[in-house]
Structures are given as structure tokens and as C-alpha cells.
Enquirer: 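Mind looking over this structure? Questions follow.
All values below were derived from every heavy atom in this structure, side-chain atoms included, with hydrogens, water molecules and symmetry-related copies excluded.
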Amino acid sequence: MKFREMPYERLDIQALGAKQDAATAALREAGSYEEARKIFMNVEKQSKHVMTMATLAQVRHTIDTRDEFYDKENEFWDANIPVLMEHTQNWTKALVESPFRPDFEKEFGEVSFINYEMELKSFKPELIPYMQKENELTTRYGKLLASGRIPFRGKEYTISQFGIFKKDADDKTRLEAWKAEGQWYKDNQEELDSIYDQLVHLRDEMGRLMGFENYVGLGYLNMQRNSYDKDDVEKFRAAVREYLVPVADKVYRAQAERLGKEYPMSFADNSLTFRGGNPVPAGDADYIVNEAKKFYDSLSPETSAFFKDMLDNEMMDLLSTEGKEGGGYCTEIAEYELPFIFANFNGTKDDVETLTHEGGHAFEAWLNIDRVPMDQIAPTLEACEVHSMSMEFFGWKNAEGFFGKDARKFVYAHLADSLTFIPYGTMVDHFQHIVYENPDLTPRQRHDEWKKLLEVYMPWMKLDGEIPFYSEGEGWQRQHHIYQAPFYYIDYCLAQTVALEFWAMIQEDPDNAWKHYMAYTSQGGSQVFTKLLENAGLESPFEEETLKNVCGKAGRWLDNFDLTGIN
């Protein structure tokens, strides 16, 4: 069924809660595994319907935040998902305590029960009003950015549409664009500061309510960190500073030399990879989608069938339009067993990278969509990001199709960006630990902490105040995840490390690399992250040598890349 034809209805929350409670009571009274399993499968069916309705409302709201109907429906789910959690928590507790738990684990695996036990530690009914307020604030942030209009040379652009000017090859245009965007954020900074300040204090109260010293412990539970902890993350950040920052620094020094700029460069100059301009797709959105079809058709029978389903059912919304939220994501419409891709194409190489990135998420969901229980369709988020970031590298197979004459520019820029992203993403994580461990910092003190971290993780950025907002240590406020998904961002960095393993394999033997990718992806969420890697013959990013090896290989490849003829 096409996405636009999928029917939506507001559900009766009270009736759903009563039905869930009845199932919980029945599970506790079940006299056999067969009886317990039947109850479990009925709850799975109900949960699919609930999640389908909630997801349809959320997606349609993000496609057009001005749509009054879906704006109200999104508010409805923001308020009522936390209410339903009390009922689902009782169900989860009954499952964990069931005498038939060994039977469930034997049939469906242990990972769900590992996650269920974490869920029980992360929620109690007293949290409901806090969660409702949190949803209200994060929605307010998303709507603020979606409503943003940046005046530029006689016209106005949404924040997503404006991205192309920030990478313009003309120095004057590019600098002017960065200043114009920075000014929009400065003009709205009072509200941005207020929203985040409320979120930090709210989340701190939530953490303390659950018995933690601050929000960090609860944040880790919410992110289902089921195979590593805060110490592992700190060790990874230290390895990034030791091994990757110097490699990234070298990349930017070479870039400054190519551009004829003094190092360190401004934010505007760091965004231009080549003097003659960054690589751009060889055509418009329809062209890119057509080239994506060629790519997925050539990659494997499975990816060919997957992308055909996406096209036939119109499961992508890719253009940057008025009222649309920024960013990109993939989600699943569970009842219809189809993933959905949301993006904001803006005419840059990001369009191709976003389509292959979200395509990696979507392919994994398509491949595992019939898994039971449905919480095993996908693994935890750092594991999911391996699917997407690695798929970007497999996309090199069709670089010439996507980029035409800019294909060589693209592969160089993509690998360089993949390397230099990790210090940024790691800095986002470090910043959030500082914020939530020190919730009483003022907005200005938070900005100052970000500026200090920039000097550690991104020494190639000139912090001279020339560009408002960015060079004043305030640029973190444009990063949606910091507001809407705390502690998510390190997931990208861990996954990028694994994706670089795939990149190295692809250079040696693409067919072998794809076998490893399928071995990893076909597991869905049936194991914890570290076990998924082990089963697919991949190294863990928590091993210091892993990061050291992959950034060394990628750095040498960039050093030896022939830039002859590239302006």
C-alpha cells in the first residue's frame, strides 16, 4: 500500500490500557507456555497497530508541521505515549517474571529480556508528566527550526534549503551565507537557550527520580546501552583524541593548502573541500532516485527487491519543502511491513549520502520486518548506524552515476568527511556528559564549554568571532539530537568506525565486504551490538587498535589519492 493511502485513526488510549492490563493479568495466570505464547502474540499484534498509528502521525507531522490535523495528532501522541508506558511496563514486568521466561528466551532469544530489564529500571508512573513535558519541549524545538526562514540576497529560504549556499565555491557568497544562517540562530537564541535549559533541568529531575545522581544513568538506560558502559565510551573518546584528531587535522591542513587559505580556517572555509567547488550530484532528485535504483539493482537481489518496494509504495519523502522539519530519518510502518525514508534534498552531495544512509537503515528494516518480537526488527541505535554508514561506502559502486564528472571529488570528500566527522560526533557526546553532570550551568557557560571542546576535538576551526553563533561556541544548538535524543550521537561515531572497516574491505574485495555486511545486517536486533559484530567477523570499536588501524588506512589512502586534474 502506498504511504499516502495508509489510513490513520486516533486510538482510544483508555481502551488500549485496559486491553494491555487484561493481557498482563492473563499472562500471569497462564498455565502453559502455549497459552502464554498466544497471549504474547496477541499483544505483539496490538502493539504493531498502536505503533503504526503513532508513526503515521509523527511522519506526516514532520512532512508538514503546518498541517493542523497532524499537528494535533502529534500532540496527542506526545501526551499519551508516556501514559501507555505505565501499562506496557506492567506487561514487561510480567514477561520478565514469567515462569515461562526460559521458553520465551529459547524461542525468541535473550536480547529482548536484557532490554526489558533495562526498561524496568528506566520508568515508573511518576515520570509520566515529566515525559509529557519533555515531548512538548522537543516538539517545540523541531517546530522552531522548521519555521525558520533565512533572508539571503532578496529571497527567503528554509534552514534545510539554505545548506547549498554554505558550501558555495565563491568565498564571498559562502561567508555571507554562514553569517546569515548564524544570525538567524542568534535572533532566536533566547528561545533556543530557554528550551534547552528547561530540558536539562527536567531530565536531571527525571534521573534523580529514578535514583541516579543525575540524568546520565537514566540516559544510558534509555539508549539501551546493553553491551558497554560510560567507561567504554570515555576510552573511545580518548582514542579519538589520540589517533583520529591528528589524522583529521592533517586532512584540513591539506585542504587549507589547496584553497590557498591560512590554517586554521573559518567555519565557512572548512566547508569547502575543493577550490573549484564541492562535488554535486549530476542531476535533480528524480535523477538521484533513478541512479539509486541502478545502484541497488546492481548490489544484490535483496537490495533490488527492497528498493522496488520503496518506489512502488512511495515510501520516501525527499524534497526540502515549506513547513517540513529539517534533517533526515528512517522509520518503519510496522503493520504494513515497510520502512519510510524522510530527507531534505538541497542540491549538495548530502543528498546522495542521505539517500544511501537512510537506505541502509531502510534495507535492514525491510530485511528483518517480520521478526518476532517486533523489538528485534532492529538492534540498538549504534548497531543500526552501522547499516547506514556502511551502505554509504557501498554507494561508491555507483559514484560515477550519482556524480558524473565529480565522482573522483566525491569519493575523496566522502572519505575525508567520514574521518573528520568522528571528532565532531565524539565532541557532541563529551559536551552532553558535561551538561548533564553539571545541570546548573548557565546557557553562556554551556556555550563556553562547547568552545573549549572545539579547541580539543576540532583545532582546525578558527574561533575569531567573525561568523556569529558558530565561532562563539553556540553551534551545538543546530544539532537536533542534543535537544531531542540525548546521548544518541556517540552511536554515529562507533558505527562510523565499523563502517570504515567495511570501507577497507571494499577496497580489497567488494564481494567479500558484502558477505560480511549481509552477515551483520541479517541478524536484525537478535543480539547485542558487540555480539552482532563478532558474529559477522568484525572488530569492536571499543578496541583501541580498531580505531588506530582504520583511521591509519583511510589517512594513507587520502594522502596517496591522485588529485591531478581536480580543481
Enquirer: Between Asn115 and Asn226, do the side chains contain a donor N or O and an acceptor N or O under 3.5 Å apart?
Expert: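 The criterion, which ignores hydrogens and geometry beyond distance, is satisfied for Asn115 and Asn226.
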
Enquirer: Which label fits Trp503 and Trp557: parallel for a plane angle under 30°, tilted from 30 to 60°, or perpendicular past 60°?
Expert: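 Perpendicular: the ring planes of Trp503 and Trp557 meet at over 60°.
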
Enquirer: Tell me if a side-chain donor or acceptor on Asn549 pairs with a main-chain N or O of Glu545 at a distance below 3.5 Å.
Expert: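 Between the backbone of Glu545 and the side chain of Asn549 there is a qualifying donor-acceptor contact (under 3.5 Å).
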
Enquirer: Charged N to carboxylate O under 4.0 angstrom, Asp559 versus Lys250?
Expert: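 So Asp559 pairs with Lys250 through a salt bridge.
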
Enquirer: What I want to find out is whether Glu44 reaches Lys48 closely enough, with some N-O distance under 4.0 Å, to be called a salt bridge.
Expert: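 No salt bridge links Glu44 with Lys48.
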
Enquirer: Give me the atom names and distance for the closest heavy-atom approach of Pro423 to Val240.
Expert: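 Answer, listing the atom of Pro423 first, then Val240: CA-CG1, 4.0 Å.
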
Enquirer: With a 4.5 Å heavy-atom cut-off, do Glu191 and Leu144 have their side chains touching?
Expert: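 They are in contact (side-chain heavy atoms under 4.5 Å apart), so the answer is yes.
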
Enquirer: Taking the side chain from Arg371 and the backbone from Gln523, do they hold a donor-acceptor pair closer than 3.5 Å?
Expert: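 Present.
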
Enquirer: So, for Leu221 and Ser122, which heavy atoms are closest and what is the spacing to 0.1 Å?
Expert: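 Minimum heavy-atom separation between Leu221 and Ser122: CB-CB, 3.9 Å.
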
Enquirer: Okay, side chain of Gln445, backbone of Thr442: is any donor-acceptor separation there less than 3.5 Å?
Expert: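 Flag set: sc Gln445 to bb Thr442 pair under 3.5 Å.
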
Enquirer: Between Tyr483 and Leu192 (side chain of the first, backbone of the second, donor and acceptor by atom type, cut-off under 3.5 Å), is there such a pair?
Expert: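 Answer holds: yes.
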
Enquirer: Check for a donor-acceptor pair, side chain of Lys124 on one end and backbone N or O of Leu209 on the other, with a separation under 3.5 Å.
Expert: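 Between the backbone of Leu209 and the side chain of Lys124 there is a qualifying donor-acceptor contact (under 3.5 Å).
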
Enquirer: Less than 6.0 angstrom separating the ring centers of Phe394 and Trp514, yes or no?
Expert: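 Centroid distance Phe394-Trp514: below 6.0 Å, so yes.
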
Enquirer: Against the six-membered ring of Phe342, is Lys324 placed for a cation-pi contact (under 6.0 Å from the centre, within 45° of the normal)?
Expert: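 Yes, cation above the ring, under 6.0 Å and within 45°.
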
Enquirer: Decide salt bridge (charged side-chain N to carboxylate O under 4.0 Å, His left out) for Asp231 and Lys235; before the verdict, give the C-alpha distance in whole Å, the side-chain angles of both, and the deciding distance to 0.1 Å.
Expert: CA-CA 6 Å; Asp231 289 341; Lys235 290 174 185 174; over 6 Å; no

Enquirer: In terms of side-chain geometry, is the basic nitrogen of Arg140 or Glu136 positioned less than 4.0 Å from the acidic oxygen of its partner?
Expert: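 Judged by the 4.0 Å cut-off on N to carboxylate O distance, Arg140 and Glu136 do not form a salt bridge.
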
Enquirer: Might you confirm whether atom NZ of Lys553 has over 12 heavy atoms from other residues, nucleotides or ligands at distances under 6.0 Å?
Expert: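 Not more than 12 within 6.0 Å, no.
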
Enquirer: Are the aromatic rings of Tyr228 and Phe542 close, with centres under 6.0 Å apart?
Expert: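 Between Phe542 and Tyr228, which both carry aromatic rings, the centre distance is below 6.0 Å.
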
Enquirer: Ignoring hydrogens and angles, tell me if any N or O in the side chain of Asn270 forms a donor-acceptor pair with the backbone of Met265 under 3.5 Å.
Expert: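 Yes, Asn270 side chain to Met265 backbone: donor-acceptor pair under 3.5 Å.
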
Enquirer: To check you understand the geometry: which heavy-atom pair defines the closest contact between Glu455 and Pro459, and what is its length?
Expert: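 Here Glu455 and Pro459 meet closest at O-CB, 3.8 Å.
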
Enquirer: So, for Glu539 and Thr546, which heavy atoms are closest and what is the spacing to 0.1 Å?
Expert: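 The answer is CB-OG1, 3.5 Å.
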
Enquirer: Looking at Arg444 and Glu474, is there a salt bridge between them, counting it only when a charged N and a carboxylate O are closer than 4.0 Å?
Expert: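 A salt bridge links Glu474 with Arg444.
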
Enquirer: One pair to check against salt bridge (charged side-chain N to carboxylate O under 4.0 Å, His left out): Lys230 and Glu437. What are the steps and the verdict?
Expert: CA-CA 13 Å; Lys230 184 170 174 281; Glu437 287 167 11; 3.5 Å; yes

Enquirer: Ion pair present between Lys167 and Asp350, side-chain N to carboxylate O less than 4.0 angstrom?
Expert: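 Yes, Lys167 and Asp350 are salt-bridged.
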
Enquirer: May I have the step-by-step check of side-chain hydrogen bond (donor to acceptor under 3.5 Å, both in side chains) for Glu544 and Tyr243, ending in yes or no?
Expert: CA-CA 9 Å; Glu544 190 173 315; Tyr243 299 114; 2.4 Å; yes

Enquirer: Please check: side-chain N/O of Glu332 versus main-chain N/O of Phe340, any donor-acceptor pairing under 3.5 Å?
Expert: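 Side chain of Glu332 to backbone of Phe340, a donor-acceptor pair under 3.5 Å: no, none is there.
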
Enquirer: Show the numbers, then the answer: is there a side-chain hydrogen bond (donor to acceptor under 3.5 Å, both in side chains) between Asn188 and Gln477?
Expert: CA-CA 11 Å; Asn188 290 274; Gln477 292 189 309; over 6 Å; no

Enquirer: Give the minimum heavy-atom separation between Lys349 and Asp417, together with the two atoms involved.
Expert: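 Closest heavy-atom pair between Lys349 and Asp417: NZ-OD2, 2.5 Å.
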
Enquirer: Between His414, Glu501, Gln507, which is the residue that forms a side-chain contact (heavy atoms from CB on, under 4.5 Å) with Phe393?
Expert: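 Testing Phe393 for a side-chain contact (heavy atoms from CB on, under 4.5 Å) against His414, Glu501, Gln507 leaves exactly one candidate, His414.
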
Enquirer: Fit a plane to each ring of Trp476 and Phe431, take the angle between them on a 0 to 90° scale, and name the class: parallel (under 30°), tilted (30 to 60°) or perpendicular (over 60°).
Expert: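 The rings of Trp476 and Phe431 sit tilted, inter-plane angle from 30° to 60°.
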
Enquirer: For Tyr436 and Phe487, I'd like to know if the aromatic rings sit close, meaning centre-to-centre distance below 6.0 Å.
Expert: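 Tyr436 vs Phe487: aromatic centres under 6.0 Å.
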
Enquirer: Show your reasoning for whether salt bridge (charged side-chain N to carboxylate O under 4.0 Å, His left out) applies to Arg446 and Glu449.
Expert: CA-CA 5 Å; Arg446 292 186 194 118; Glu449 290 295 335; over 6 Å; no

Enquirer: Would you call Arg225 and Glu382 a salt bridge, taking side-chain N to carboxylate O under 4.0 Å as the test?
Expert: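 Salt bridge flag = yes for Glu382 with Arg225.
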
Enquirer: Does Lys121 pair with Glu117 as a salt bridge, N-O distance under 4.0 Å?
Expert: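 The answer is no: the pair does not qualify as a salt bridge.
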
Enquirer: Output, in order, the C-alpha distance, side-chain angles, deciding distance and verdict of salt bridge (charged side-chain N to carboxylate O under 4.0 Å, His left out) for Glu472 and Lys451.
Expert: CA-CA 7 Å; Glu472 297 166 37; Lys451 195 167 184 177; over 6 Å; no

Enquirer: So with a 6.0 Å cut-off around CD of Gln479, is the heavy-atom count from everything else above 12?
Expert: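 Yes, enclosed.
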
Enquirer: Measure from the side-chain N and O atoms of Trp178 to the backbone N and O of Lys166, and report whether any donor-acceptor pair falls under 3.5 Å.
Expert: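 Side chain of Trp178 to backbone of Lys166: a pair is present.
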
Enquirer: Quick check on the 6.0 Å ring-centre criterion: do Tyr329 and His361 meet it?
Expert: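 No, ring centres 6.0 Å or more apart.
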
Enquirer: Below 6.0 angstrom between ring centroids: does that apply to Phe40 and Phe108?
Expert: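 Aromatic pair counts; centres sit under 6.0 Å.
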
Enquirer: Answer yes or no: is there a donor N or O on one side and an acceptor on the other, between the side chain of Asn135 and the main chain of Asp78, under 3.5 Å?
Expert: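 Pair found, side chain donor or acceptor close to backbone of Asp78.
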
Enquirer: Testing the 3.5 Å rule here: is there a donor-acceptor pair between the side chains of Glu392 and Ser388?
Expert: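 No, Ser388 and Glu392 have no side-chain donor paired with an acceptor closer than 3.5 Å.
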
Enquirer: Got a donor-acceptor contact below 3.5 angstrom from the Thr65 side chain to the His61 backbone?
Expert: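 Here the side-chain-to-backbone pair does not exist.
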
Enquirer: With side chains defined as the heavy atoms from C-beta onward, is the minimum distance between Pro379 and His387 less than 4.5 Å?
Expert: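 A side-chain contact exists here, since the closest heavy-atom pair is under 4.5 Å.
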
Enquirer: Could you tell me if Asn368 and Glu364 have a donor-acceptor pair between their side chains, going purely by distance under 3.5 Å?
Expert: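 A donor-acceptor contact under 3.5 Å links the two side chains.
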
Enquirer: Determine, using ring centers only, whether His430 and Tyr457 are less than 6.0 Å apart.
Expert: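 Tyr457 vs His430: aromatic centres under 6.0 Å.
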
Enquirer: Taking the six-membered ring for Trp and the full ring for Phe, Tyr or His, determine whether the centres of Phe421 and Tyr489 are under 6.0 Å apart.
Expert: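 Yes, the ring of Phe421 comes within the 6.0 Å limit of the ring of Tyr489, centre to centre.
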
Enquirer: Which pair of non-hydrogen atoms, one from Ile467 and one from Ala268, has the smallest distance, and what is that distance?
Expert: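 That would be CD1-N, 3.8 Å.
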
Enquirer: Determine, using ring centers only, whether Tyr517 and Tyr520 are less than 6.0 Å apart.
Expert: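 So the answer is no for these two rings.
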
